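Working notes, beginning with the structure itself.
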Amino acid sequence: MSFGKGCHLHLIDGSAFIFRAYHALPPLTRKSDGLPIGAVSGFCNMLQRYIDGNSASNDAPTHVAVIFDKGSHTFRNDLYDQYKANRDAMPEELRPQIPLTRRATEAFNIACKELEGFEADDIIATLSCQAREAGGRVTIVSSDKDLMQLVGGGVEMFDAMKNRRIDAEGVEEKFGVGPDRVVDVQALAGDSVDNVPGAPGIGIKTAALLINEFGSLENLLDRAEDIKQPKRRQTLIEKREQIKLSKKLVQLDCDTPLDFTLDDLEVRDPDPETLLRFLAEMEFRTLSKRIADALDAEAPVIPDTNPAGADPIDTAPDWPAIDPEAYEHVSTPAALAAWVERITARGYVAVDTETTSLNEMQARLVGISLAVEPGQACYIPIAHRDGASDDLFSSEALAEGQLPFDDVLAALKPVLENDAILKIGQNMKYDAKIFARHDITVAPFDDTMLMSYALNAGIHGHGMDTLSERYLSHTPIPIKTLLGSGKSAITFDQVPVTEAVKYAAEDADITLRLWQTFKPQLHREKVTTVYETLERPLSPVLARMERNGIKVDRETLSRMSGKFAQKMAQLEDEIHELAGRKFNVGSPKQLGEILFDEMGLEGGKKGKTGAYATGADVLEDLATEHDLPARVLDWRALSKLKSTYTDALQDHIDPDTGRVHTSYVQTGANTGRLASTDPNLQNIPVRSEEGRRIREAFVAEPGNVLVSLDYSQIELRILAHVADLPAMKQAFKEGQDIHAMTASEMFDVPIDEMTPDIRRQAKAINFGVIYGISGFGLARNLRIPRSEAQGFIDRYFERFPGIKTYMDDTVGFAKEHGFVQTLFGRKIHTPEISAKGPRAGFAKRAAINAPIQGTAADIIRRAMVRMPDAIQGQPAKMLLQVHDELIFEVSEDATDKLIETAREVMEGAALPAVKVDVPLIVDAGQGANWAQAH
DNA sequence: CTAATCACG
DNA sequence: GACGTACGTGATTAGC
């Protein structure tokens, strides 16, 4: 077929694929000889995923090519010798992989094109132009902004990572001008990554403004004299030649001399033999298996030629494909007994429960699935309802093919509680809570979600779908296909048993395979201790706390809601009065229009989306001159308290227990902290007087009190330890006011002459350091000039020289290893640490903060794990954790003892593994409600 | 479904 | 005058 109308050309930016693959994956090596192969592996996976994604679409390409750069010297270097001169050299491990990715492309039978002396971008430009002229469509698979000038007239881009198309509108969003003027804007703004000079002092925003005003770069340069701003005018006149050069550098070449035509790029099916031979040579076991399946060919045998001691990679064992049709539906006592026997003989089993709700307090158990080896899984339905009948009265009837509920639990209880049988789950906390309600204690257990968290925090999420896709190359049956979504969604007990078997047993099968995948990795990555001391034992502790819940007094909340509603209505009237018309106070968009368009206040700044910013900081500035923003701030404060707390919290009171049962997500925060959801009890107000009163609704049962114990300044203490700051350590040892001490050091003010304001500034700096301080951030926080903030930071580094060393060392470690570590060995991966552009700054600060925040998180985890045994026998229950605080409910005559015990556990939690150089101090409080206890 | 806003440590 | 910035979270609302 000759390329023309109706044809669709896909152009893949090969270099972008390679770099993404390289940075996204750990450094894999080929098993037989240690050849670095991670990028090739990622590249092949991305290519395969891309092909899969397209074959399913009805907009599949008719022509496709992967385009590579070739040679480091291009015509742009002749124009400007500094072009791309500030690029880092290619990493050593990546270099040998480049030719392999070309071979991979050819093995997939996809056209692979490059041209000496030209960048891939120019080839892509030329082909796009040719395709457009021929009347066809083009999709450029890349998110590189340098290619955005090509968009339009049937040419679009596709960001394969974000799975997002970029059309002319998307380009305009990014550059503020249409694709046809992108080059002009780039010429003015320059590009630090490619080292295109542009016009100094002009960025994308200003450039877009100028181009939109003058229509084109040429017109702008010709009429530069007309520009009002003196600085800008001068720059444009003086740097005229530099700007024109920049345009030449960013302008892609549509006339590269290609030695092939569009017709040569026609989509071709891969030759299974060629492709599989290549994959076998690379020793990609999982991928070759998957591709062999897809091509209906035999997977190649890859000999295990691992020389002694070398780390195995990609050890996809010889597993059968995941096949939902092959699972067993257990419906007879004999079949159940047979499974119990197999499990007992095997010594481990993957377990998963199906229930009617995600809320474990209300969920009813519907069925249980089990797996003993890959491909061998079953589902035992026990409470599916009979959906066949529409009869109103029989809708409660049970479906056919199910064993009696109690019989099944009675048969499984000895298995689930058997010390000699390991139970394997994905997020076992959920299943354990369900079983606990039927008086079954699941132990011992392993949890694949927690294993993944110990191994991969910072790299990817830990949900089963993510893990299955990533490690098993398999997309599990989406629950939506069974339950539907939205209003018409059904519960699992209404799912037909035959469908449930496929879904449920698949989950158990996947869980088992993940366990076998992760098990050897824990050891290899040296995170077994983290998993075994900080993750696995915490899960049952959290389950217990969640089941305990905390009593919340509905009356108190309801009364407060009423009061808030009244005050809000009053404020709303006043606001409308001041605005001169009615509008939705809760709409930032409408508020922005009122403030900046209608009332004409100064300082309106539009964000990326074109909306005015109306955040608290903006309104606070405006509040000094006008009443309206001040009223809006008051209204917002009340609105937040009412909607998020006094109203919403009432809906979370469990009708059976009268208590609120939060859910802790153990793998939610990369640093090791917990997250609390449904409801979030880790952000109950405390900073404002009005908000703090909400804590009065959190109460103890009659005869009991709430006790709160919290670590004092734990993160600063850890900082003093890890950064080795003698002055700060000394201050903590002497029990001094640490912020006052810092202020004294920094500003040479004696402690006894300290003013609250100086102390406040020092406190902000102390926190700033923990967050990976920047002059900009500190300036904004303290509302002082940036230069002054920078002065503070310089001085801090001078007075506490350990800080700078710590920061540099931490970032250096992250760059070398791709992760940072807590004092207890928890790894937090930092894949973006070597990124270019603004993301680098983000990653750096996160890397600096993670060991501090993470070590604090580890310490309280250790305390929590030890707590149940320590307080065993005392009339006390642990209810909540708020990062550095634990909340207990205790019989009122036993509080002193509880405080003594819990404090001892918390203060000694780092020991014996780590001896922190400063004492860890725990403050305690108690009272009838949380407000008093805190 | 995303962005804006704001609650916590 | 911006590449862009304090770290880590979750819930609610508006508005596409």
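Below, chain A is the first sequence line, B the second, and so on; all start at residue 1. Only a predicted model underlies this, so the values are computations on that prediction, with no experimental measurement involved.
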- Looking at every strand, decide which applies to Ala850(A) at a 4.0 Å heavy-atom threshold: base, sugar-phosphate, or nothing. nothing
- Between Glu572(A) and Lys582(A), is there a salt bridge with N-O shorter than 4.0 Å? no
- Query: Where the side chain of Arg786(A) is defined as all heavy atoms beyond and including C-beta, which of dG10(C), dG8(C), dT5(C) is the nearest nucleotide?
  - Reply: dT5(C)
- Task: Using atom CD of Gln186(A) as one end and atom C1' of dC3(C) as the other, report the distance to the nearest whole Å.
- Result: 14 Å
- Message: If you compare every side-chain N and O of Arg636(A) against the phosphate oxygens of dC6(B) (OP1, OP2), does one of them come in below 4.0 Å?
- Response: yes
- Query: How would you label the contact of Glu715(A) with the nucleic acid (heavy atoms, under 4.0 Å): base, sugar-phosphate, or nothing?
  - Reply: nothing
Would you give me the side-chain donor-acceptor pairs under 3.5 Å for residues 774-784 of chain A, sequence neighbours excluded?
{"unit_1": "Ser774(A)", "atom_1": "OG", "unit_2": "Gly777(A)", "atom_2": "N", "d": "3.0"}
{"unit_1": "Arg783(A)", "atom_1": "NH1", "unit_2": "Asp621(A)", "atom_2": "OD1", "d": "2.7"}
{"unit_1": "Arg783(A)", "atom_1": "NH2", "unit_2": "Glu620(A)", "atom_2": "OE1", "d": "3.3"}

- Which is true for Gly615(A) with a 4.0 Å heavy-atom rule: it touches a base, it touches only sugar-phosphate, or it touches nothing? sugar-phosphate
- Any luck finding a side-chain donor-acceptor pair between Gln853(A) and Thr671(A) under 3.5 Å? yes
- Message: I need the CD-P distance between Glu832(A) and dT5(C), as an integer number of Å.
- Response: 14 Å
- Could you tell me the separation between the CG atom of Leu778(A) and the P atom of dG4(C), rounded to a whole number of Å? 21 Å
- Closest-nucleotide ordering on DNA chain C, the 5'-leading residue of Lys640(A) and Arg780(A): Arg780(A)
- Item | Distance below 4.0 Å between Thr206(A) side-chain N/O and dA2(C) OP1 or OP2 | yes
- Message: Using a 6.0 Å distance limit plus a 45 degree cone around the ring axis, check whether Arg845(A) lies over the aromatic ring of Phe842(A).
- Response: yes
- Message: Under 4.0 Å, heavy atoms only, any strand: does Ile202(A) hit a base, just the sugar-phosphate, or nothing?
- Response: sugar-phosphate
- Would you mind classifying the nucleic acid contact of Ala835(A) as base, sugar-phosphate or nothing, using non-hydrogen atoms under 4.0 angstrom? nothing
- Task: Looking at every strand, decide which applies to Ser774(A) at a 4.0 Å heavy-atom threshold: base, sugar-phosphate, or nothing.
- Result: base
- Taking only Watson-Crick and G-U wobble pairs with both distances under 3.5 Å, what dot-bracket line describes DNA chain C, where [ ] shows pairs that cross earlier ones and | shows pairs with another strand? ......|||||||||.
- Message: Can you pull out the residues from residues 680-691 of chain A that lie within a 4.0 Å heavy-atom distance of DNA chain B?
- Response: Gln682(A), Asn683(A), Ile684(A), Pro685(A), Val686(A), Arg687(A)
- Under 3.5 Å side-chain donor-acceptor pair for Arg636(A) and Thr614(A): yes
- Answer with yes or no whether the side chains of His739(A) and Asn766(A) bring together a donor and an acceptor at under 3.5 Å. yes
- Starting from P on dA2(C), measure out to CG on Leu188(A) and report it in whole angstrom. 11 Å
- Item | Gap between atoms CG and C1', on Asn849(A) and dT5(C) respectively (whole Å) | 14 Å
- Task: Could you check whether Ala648(A) gets within reach of a base, just the sugar-phosphate, or nothing at all, counting any heavy atom under 4.0 Å?
- Result: sugar-phosphate
- Say you pick atom P in dA4(B) and the same atom in dG4(C); how far apart are they, in whole Å? 14 Å
- Pairwise P distance, dA6(C) and dT2(B) [rounded to whole Å]: 22 Å
- What does Phe767(A) touch in the nucleic acid at a heavy-atom separation under 4.0 angstrom: a base, only the sugar-phosphate, or nothing? nothing
- Does a side-chain N-to-carboxylate-O contact under 4.0 Å join Arg826(A) and Glu535(A)? yes
- Query: 5'-most contact on DNA chain C: Phe776(A) or Ser676(A), nearest heavy atom basis?
  - Reply: Phe776(A)
- Message: Using a strict threshold of under 4.0 Å (side-chain N to carboxylate O), is an ion pair present between Arg673(A) and Glu715(A)?
- Response: yes
- Hey, does the side chain of Arg673(A) come within less than 4.0 Å of dG9(B)'s phosphate (OP1/OP2), counting only N and O? no
- Does a donor on one side chain and an acceptor on the other come within less than 3.5 Å for Glu885(A) and His934(A)? yes
- Message: Which residue in the set Val185(A), Thr206(A), Val183(A) passes side-chain contact (heavy atoms from CB on, under 4.5 Å) when paired with Ile211(A)?
- Response: Val185(A)
- Message: Using a heavy-atom cut-off of 4.0 Å across all strands, would you classify Asn781(A) as base, sugar-phosphate, or nothing?
- Response: base
- Taken to the nearest whole Å, CD/Glu173(A) to P/dC16(C) is 14 Å
- Item | C1' gap between dA7(B) and dC3(C), integer Å | 30 Å
- Message: Looking only at the side chain of Ser643(A) (C-beta and beyond, no hydrogens), which of the listed nucleotides dA11(C), dT13(C), dC6(B) gets closest?
- Response: dT13(C)
- Query: How is Gly772(A) classified with respect to the nucleic acid when contacts are heavy atoms under 4.0 Å: base, sugar-phosphate, or nothing?
  - Reply: nothing
- How about Tyr796(A) and Phe792(A): are their ring centroids closer than 6.0 Å? no
- Query: So is Lys827(A) actually on top of Phe819(A)'s ring, under 6.0 Å and inside 45° of the axis?
  - Reply: yes
- Message: Expressed as a whole number of angstroms, how long is the span from His883(A):NE2 to dG9(B):C1'?
- Response: 5 Å
- Message: Counting only side-chain nitrogens and oxygens, does Thr614(A) get under 4.0 Å of the OP1 or OP2 atom of dA4(B)?
- Response: no
- Query: Can you check the Lys589(A) NZ to dA3(B) C1' distance for me, whole Å?
  - Reply: 13 Å
